[in-house]
Every structure is written in structure tokens, then in C-alpha cells.
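Reading through the C-alpha cells given below for one structure.
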Amino acid sequence: MELLKQRIRKDGKIKEGNILKVDSFLNHQLDINLFEAIGMEFKRRFEGEEITKILTIEASGIAIACIVARYFNVPVVFAKKTQTKNIAGDVYTSKVESFTHGKVYDIIVSKEFLKSEDKILIIDDFLANGKALLGLGQLVKDAGATLVGAGIVIEKGFQVGGEIIRESGIRLESLAIIDEMSVEDGIKFRD
Ligand code: 5GP
């Protein structure tokens with residue numbers, strides 16, 4: 001998605017530890033016009049697929065998922081992050097290792113909001129090592145729902161997540177894939 005790539009080039013900030021900061025338009029201040037274009041692009045890519053719900057993870061996935069959901073006219077469910085040791089009751093849960101914070105946390109979704117008849121599109125801002133996406137995929141599986149695919153705004157193609165997800169057979173659509181990134185040479189996108 002050219003518009004997105006241009007914006008990443010212009011406003012993305014490369015930080016230590018292979019972190020790309022996009023706080024001025026995607027993760028902190030939100031450029032809603034860009035979000036609209038992102039929503040439209042995911043709609044185009046998943047055109048013709050039956051989707052009943054968008055699933056994402058708090059916090060930064062939520063805003064994007066909401067705009068995408070407008071295009072599919074379906075609800076958004078977001079997995080909550082929790083550090084509670086014993087999670088019991090009417091929730092699906094899985095573990096996710098955070099790339100940015102290095103911690104392992106549980107994610108939960110109420111069983112009320114994920115049903116076996118659901119056809120799920122997962123949306124998230126970044127794909128790095130794939131842990132968040134795999135954790136969300138596990139919730140979908142546990143619910144007996146169908147995973148239609150995953151839509152990622154920025155895939156860091158030099159990390160293992162993309163390969164793991166594609167090899168697992170999940171349909172993955174990333175709007176911008178970064179193949180190389182360094183302070184000295186800037187950002188190189190995959191065509
Ligand atoms: P993964 O689970 O694929 O290793 O990492 C994906 C999650 O980590 C995303 O939900 C995102 O919030 C965060 N993340 C990974 N890499 C980056 C990055 O370079 N920049 C930002 N802002 N978040 C990232």
C-alpha cells in the first residue's frame with residue numbers, strides 16, 4: 001500500500017532493538033484518514049470472504065480494527081491482556097510473549113463473544129515474531145470458529161513471524177512489509 005509506505009518513510013522512527021515507532025500516525029496519535037484508507041485496502045483484499053467478526057488485541061490494534069470493521073459491517077472483539085495467574089470461567093485464554101516488552105502475558109476473550117459459527121478476520125498493527133497472531137489464532141481455534149485470515153498493517157519481514165504464519169496455512173495480508181531497517185540506511189520495503 002503505497003500511501004502507507006510513504007508515511008512510514010516520512011514519519012517512522014527506527015529505534016534500538018528492531019523497533020519501528022509510528023506514534024505520530026498509528027500508535028499514539030492516530031491519522032484517521034490513513035486508517036480509512038487502511039480499512040478500504042483490507043476490505044479490497046478480503047473481498048468476497050464471509051467475515052462475521054474482527055478480532056484484535058489491546059491496545060494498539062483496537063483503533064485500526066474499529067475502522068476496518070466499518071468496512072465489513074461487523075463487530076470488533078479485542079483480546080484483553082492480563083497478568084492474573086489463575087484465569088477460570090467463561091473465557092478462552094492463551095499466552096503471548098510480548099516483542100516490545102519481553103514479558104509473557106495471558107490474553108483472554110469471553111466465550112460469549114467468540115462462537116463456533118464465527119468467521120474471524122484478525123487485525124493487528126505489527127507482525128514481528130508472530131506471537132500475538134498465534135495467540136489470537138489459538139483463541140479462534142479453541143472457540144471452534146473459522147479463521148478467514150489475518151490483516152497486518154506493518155510486517156517486519158526480517159523477523160520470523162511472517163514465515164511462521166504463512167507456513168501454518170493462515171492467509172496473511174500485510175499492507176507494508178519491511179525487509180531491512182537501520183538508522184544508517186533507512187527502510188527497505190518488499191515490492
Ligand atoms: P509479535 O507478537 O509478532 O512478535 O509482535 C507483534 C506485536 O508487538 C504487535 O501487536 C505490536 O504491538 C508489537 N510490535 C512488534 N514490533 C513492533 C515495532 O517495531 N513497533 C511497534 N510500535 N510495535 C511493535
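Atoms within a ligand are numbered from 1 in the order they appear, just like the ligands themselves.
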Among L147, T56, I54, side chain to side chain contact (heavy atoms under 4.5 Å, CB included) partner for I122: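 Single pass found, and it is L147.
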Residue, atom name and distance, where the atom is the protein heavy atom closest to [atom]:
atom: atom 17 (C) of ligand 1; answer: K156 NZ, 3.5 Å
atom: atom 23 (N) of ligand 1; answer: F126 CD1, 3.5 Å
atom: atom 12 (O) of ligand 1; answer: D125 OD1, 3.5 Å

Which of the numbered atoms in ligand 1 are below 4.0 angstrom from a heavy atom of [X]?
X: F99; result: 4 (O), 5 (O), 15 (C), 16 (N)
X: A132; result: 2 (O)
X: N18; result: 19 (O)
X: T100; result: 14 (N), 23 (N), 24 (C)
X: L20; result: 18 (C), 19 (O), 20 (N), 21 (C), 22 (N)

Candidate pair R44 and E41, rule salt bridge (charged side-chain N to carboxylate O under 4.0 Å, His left out), full reasoning: CA-CA 5 Å; R44 191 184 69 77; E41 180 62 15; 2.8 Å; yes
Proximity of [X] to ligand 1 by residue part, where a heavy atom lies under 4.0 Å:
X: Q159; answer: neither
X: I154; answer: neither
X: D124; answer: side chain
X: S60; answer: side chain
X: V22; answer: neither

From the candidates N27, I14, V153, I57, the one that places a heavy atom nearest atom 22 (N) of ligand 1: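 Considering heavy atoms of N27, I14, V153, I57, the nearest to atom 22 (N) of ligand 1 sits in N27.
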Modelled atom types, side-chain donor and acceptor of Q138 and K141, under 3.5 Å: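 On atom types as modelled, these side chains do not qualify, holding no pair under 3.5 Å.
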Ignoring angles and geometry beyond distance, decide whether [X] reaches within less than 3.5 Å of ligand 1 through its nitrogen or oxygen atoms.
X: A128; answer: yes
X: E97; answer: no
X: L127; answer: no
X: N129; answer: yes
X: L133; answer: no

N-O pairing of D106 and K95 below 4.0 Å: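 Salt bridge: yes.
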salt_bridge(E49, R171) N-O dist < 4.0 Å: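 Yes, E49 and R171 are salt-bridged.
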Cation-pi geometry met for K111 and Y92 (6.0 Å, 45°):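 Yes, cation above the ring, under 6.0 Å and within 45°.
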Any G130 heavy atom less than 4.0 Å from ligand 1: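 Judged by the 4.0 Å heavy-atom criterion, G130 does count as contacting ligand 1.
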Side chain K156, main chain I177, donor-acceptor under 3.5 Å: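 The answer is no, because no donor-acceptor pair under 3.5 Å joins these two groups.
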Test salt bridge (charged side-chain N to carboxylate O under 4.0 Å, His left out) applied to D179 and K188, step by step: CA-CA 6 Å; D179 271 338; K188 196 165 164 241; over 6 Å; no
Does [X] reach the side chain of [Y], with side-chain heavy atoms less than 4.5 Å apart?
X: F158; Y: E180; answer: no
X: I154; Y: D125; answer: no
X: K53; Y: V74; answer: no

CD/E58: more than 12 non-hydrogen atoms of other groups inside 6.0 Å: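 Yes, because the 6.0 Å sphere around CD of E58 holds more than 12 heavy atoms from other groups.
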